[in-house]
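Keep in mind it's a predicted model, so treat the numbers as computed, not measured. Numbers here are sequence positions counted from 1. All heavy atoms count here, side chains included; hydrogens, waters and symmetry mates do not.
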Amino acid sequence: MEYTLPVRVVTTDPDRASTDIINNHIFIWSPTVQLLAPDQTRYHEWNGAPRRTRLSVGYQTVFHDTAGHLTPESFKAQLLVGRGKAALRKKKYGEAIRLFDEALARHPHDRVTVEEAERWRKVAGDSGTIDTSWDMRRQVTTSPLAAAVERFAQTVAALPDSVLMQDWIGKPGPGDWQWYSDCLREVVLQAYQELCDFAVIAERERAKHGPEFNDTHRLLGQHRFAYREFQSLFVGVPDALLDKTPLRSERSIRENLAHVIMAEWWAYRPQILHALDRGRQGLSPEVVPATDTVAEHGEPLGSHESLHELLALYERLHLRNTQDYSDITEKELGIRSAWWELGPVELRFRLKRYIWHPRDHAVSIDKILDASGHRHTANHRFASRLFAGLGTAEAALIGADGFMSDRVDALTATINERADEAARLLSQVAAV
């Protein structure tokens, strides 16, 4: 506990200093027990601590969210982990190992403590080296089309920029694309356009033959596009950058990503489905208690998962949300939803906020990457375009599972073929 000062922040009529702490460390459903660094970034947040949402404009009616279940023993266990993470950030690896070992020895049955202590002890034992977890060998997407695009994008990102304009080693594109298949750059843009062309065809066919493409599907399509662009930010990002805090008082990449996942599954989802259920029964709007959310979904994710684990979790939860929201009718978009605001808002507006949220945090993450000195290569940027094309194609199919499956399979095969060609190019480059 040396040099660790306990501070209790009063949230009722706070003074200026307390307000600064609240603004920097209490967001949506934030743990209220945190170990802070001198630069006002966080070493650790206590899982199971009481959670609150900052009291500010737009977040007026939900403040005391959950009481938590933090026992004295679990507090002490996580304090050891937090101190170990502080030592690790300061590159005091021996001290970090000692603290993590102490946490494991004293609290062998505390699952959260054991998982996190083991994760960070390995990093300390490797002198701070953190393995990159998301690349072309470990995928996070699940559908065949998304998996093909992800594999192609990750392979492109692994190639050096020097091959971008080299003669292409694969076959030329079909039809008029044969004239624009000279190099990697043109082949990537061709794949992007094929994804976008698929969306045009799918929307046209849906208009002719159904299923109907309504406003709910359009809103969820906008969110899918925002989600895929958000996902593309992490192409080429090493896990070692997840916990860097180059910007004073601001959250890390890990904290931003975990927050976005938590907000979509533990915050937006229960409120949207609760409002929808009450509206369908003709009942007035009512805030769903956060304790109900914890009972159904458990505590939000911790703070030690790898980038691959976080993105794979987000993929599963995002797809489930999209599926569960897609049967909301246009009329039901007018159902009123009670939550943080001073009065109920329409579900249509709630979905617009849902769309906006990952875009907001994408800006924060991009800013952190810049401040960390991370360089996006030209090929990283072209890989990102593939994710954008994927979001465009997928958006056209929301609410129409199985629609145009033959065309989806053909497009998947085409992109997998391009991924194979890019992989051959990568093996040639590696052999030089």
Is the closest basic N to carboxylate O distance between [X] and [Y] below 4.0 Å?
| X | Y | value |
| --- | --- | --- |
| Asp243 | Lys85 | no |
| Glu95 | Lys90 | no |
| Glu346 | Lys352 | no |
| Arg98 | Asp101 | no |
| Glu150 | Arg138 | no |
| Arg424 | Asp420 | no |
| Glu229 | Arg359 | yes |
| Glu332 | Arg348 | no |

Any sub-3.5 Å donor-acceptor pair from [X]'s side-chain atoms to [Y]'s backbone N or O?
| X | Y | result |
| --- | --- | --- |
| Arg119 | His304 | yes |
| Asp161 | Asn379 | yes |
| Glu421 | Lys171 | yes |
| Tyr93 | Ser127 | yes |
| Arg206 | Glu212 | yes |
| Arg254 | Glu305 | yes |
| His274 | Gln271 | no |

For the [atom1] atom of [X] and the [atom2] atom of [Y], what is their distance to the nearest 0.5 Å?
| X | Y | atom1 | atom2 | answer |
| --- | --- | --- | --- | --- |
| Leu319 | Asp324 | CG | CG | 11.0 Å |
| Glu116 | Phe100 | CD | CZ | 7.5 Å |
| Met136 | Leu426 | CE | CG | 4.5 Å |
| Tyr268 | Met262 | OH | CE | 10.5 Å |
| Ser326 | Asn214 | OG | CG | 9.0 Å |
| Leu164 | Arg381 | CG | CZ | 12.0 Å |

Give the ring-plane orientation class for His223 versus His318, where under 30° counts as parallel, over 60° as perpendicular and anything between as tilted.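 Rings of His223 and His318: parallel, under 30°.
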
May I ask you to check whether His259 and His357 place their ring centers less than 6.0 Å from one another?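 Yes.
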
Using a 4.5 Å cut-off on heavy atoms from C-beta on, say whether the side chain of Trp168 contacts that of Leu184.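 SC-SC contact between Leu184 and Trp168 confirmed.
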
With a cut-off of 6.0 Å (strictly less than), are more than 12 heavy atoms of other residues, nucleotides or ligands near [atom1] of [X]?
| X | atom1 | result |
| --- | --- | --- |
| Arg280 | CZ | yes |
| Tyr180 | OH | no |
| Arg89 | CZ | yes |

With no hydrogens and no angle check, do the side chains of [X] and [Y] hold a donor and an acceptor under 3.5 Å apart?
| X | Y | answer |
| --- | --- | --- |
| Ser181 | Gln190 | yes |
| Asp110 | Ser74 | no |
| Glu315 | Gln231 | yes |
| His44 | Arg83 | no |

